[in-house]
Amino acid sequence: MRDRYFDYDRSLTMRCFMIVLPFVFSFAACLLIAIIAYVRPPYAAQGAFIGWSYLQAVLLCLLLAALTANLFTKERERGNLDMLRMTLVEDSQVIGGKLGTAAYIARTMFLSALAGSLPLLLAGPPLASNAFAAYCLLAIAMLIECLALVTLVSCFASLVSNKTTISIVLSIVLGAIALFGNVFFLIVFFRIFPPRENLDWLVGVSPLLTFAINTGGPQDRIHEFGATIFCIAFTAAECWAYWLLCKRVYRFRYNSGS
């Protein structure tokens, strides 16, 4: 039962990557945004917050992919997966145990980054607007979607890789495809088959682009909120598909007799 979970490193270095680094980056950026809100017009602080939201999502996803890239490859090198084949542990329990640890790491990083956003709450009136509050909620939703996707993608990459270095590269590539590649596919598809009507809302399959079309207009309103709902549903379906794919790959590679 112990070996079916991911035995991740609990050293000080690992905790710095999980807790300290996201908190420090978020606190420094949000403190700068709060200062900008007092010395510049309100839309300048909102623009800085939107830019930081993109950067934070990309940085945390890259860090998460690097930390969880050896989710299965490490256990395979230690021979634990071969041992599990001779037990009665089900495939879903093994995958669930690994994903549970990856989700714990992602949750810790998210909460650390959220705690680092405290200066935005203390800034007061310059940022106390309905539009900025909506931007904050959209940024939180976008970050959760990105981390959830990368968690499943890293699990899949570690399942199909034999070495940790290959798994890291594959996690980053597949994560980029999950976050951006859908948009590239739609652009190419629309170039080949031009739509007869306006289908711009379909670009909402990307969490980052959905956040962009919500915050790219006038600074006093959210103008494509429906795309956020569509993106959340699409991301949930994509995560479910990766979950099923992970179970099938594990059964094929490590437990083909089940």
Side-chain angles (χ1 to χ4, degrees), residues 22 26 49-69 71 92 95-96 98-114 117 134-160 167 170-190 199-216 222-249:
S26 179
F49 174 76
I50 293 172
W52 163 244
S53 299
Y54 291 126
L55 181 61
Q56 179 177 237
V58 173
L59 290 178
L60 289 186
C61 287
L62 288 175
L63 183 59
L64 178 62
L67 293 180
T68 59
L71 207 62
S92 58
I95 304 295
K98 304 295 184 181
L99 279 179
T101 301
Y104 167 76
I105 296 175
R107 183 191 64 186
T108 303
M109 294 170 59
F110 171 76
L111 293 178
S112 298
L114 197 63
S117 304
Y135 289 159
C136 291
L137 292 177
L138 289 173
I140 291 174
M142 180 263 291
L143 184 58
I144 293 175
E145 291 175 68
C146 292
L147 291 175
L149 268 176
V150 172
T151 298
L152 272 297
V153 165
S154 297
C155 180
F156 173 76
S158 62
L159 269 173
V160 299
S167 181
L170 188 60
S171 296
I172 295 175
V173 172
L174 291 179
I177 292 175
L179 299 180
F180 299 100
N182 299 318
V183 180
F184 297 150
F185 169 78
L186 288 173
I187 291 175
V188 173
F189 180 81
F190 287 156
L199 297 178
D200 292 341
W201 60 273
L202 283 177
V203 299
V205 298
S206 168
L208 293 175
L209 191 57
T210 301
F211 185 72
I213 63 178
N214 272 288
T215 59
I222 305 298
H223 57 95
E224 289 290 348
F225 186 72
T228 300
I229 304 300
F230 176 78
C231 183
I232 292 175
F234 186 88
T235 302
E238 202 169 5
C239 289
W240 179 252
Y242 265 108
W243 161 257
L244 296 179
L245 187 61
C246 286
K247 289 201 301 182
R248 293 186 67 88
V249 171

Which atom names give the shortest non-hydrogen contact between [X] and [Y], and what distance separates them?
X      : Y      : answer
Thr151 : Ala103 : CG2-N, 4.1 Å
Leu147 : Leu64  : O-CD2, 3.7 Å
Leu60  : Ala113 : CD1-CB, 4.0 Å
Cys155 : Ser158 : O-OG, 2.8 Å
Cys61  : Leu179 : SG-CD1, 4.2 Å

Kindly compute the distance separating [atom1] ([X]) from [atom2] ([Y]), expressed to the nearest 0.5 Å.
X      : Y      : atom1 : atom2 : value
Ile105 : Leu71  : CD1   : CG    : 7.5 Å
Leu63  : Gln56  : CG    : CD    : 11.5 Å
Leu99  : Thr68  : CG    : OG1   : 9.5 Å
Ile229 : Ile232 : CD1   : CD1   : 5.0 Å
Leu174 : Leu152 : CG    : CG    : 12.0 Å
Cys231 : Glu238 : SG    : CD    : 9.0 Å

Do Pro22 and Phe110 make a side-chain contact, defined as non-hydrogen atoms from C-beta onward lying under 4.5 Å apart?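 Answer no - side chains too far apart.
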Return a table of donor-acceptor pairs under 3.5 angstrom between the side chains of residues 138-146 and protein atoms on other chains or two or more places apart.
from: Glu145; atom 1: OE1; to: Thr235; atom 2: OG1; distance (Å): 3.1

If only atom types and distance count, is the side chain of [X] paired as donor or acceptor with the main-chain N or O of [Y] below 3.5 Å?
X      : Y      : answer
Tyr54  : Ala212 : yes
Ser167 : Ala69  : yes
Thr215 : Phe211 : yes

For Leu62, enumerate each residue passing the side chain to side chain contact (heavy atoms under 4.5 Å, CB included) test, keeping only those at least two apart in sequence or located in another chain.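 Listed in chain order: Val58, Ile172.
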The criterion is side chain to side chain contact (heavy atoms under 4.5 Å, CB included); which residues satisfy it with Val249, sequence neighbours excluded?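 Once residues adjacent in sequence are excluded, the partners of Val249 under the side chain to side chain contact (heavy atoms under 4.5 Å, CB included) criterion are Phe156, Leu159, Val160, Leu245, Arg253.
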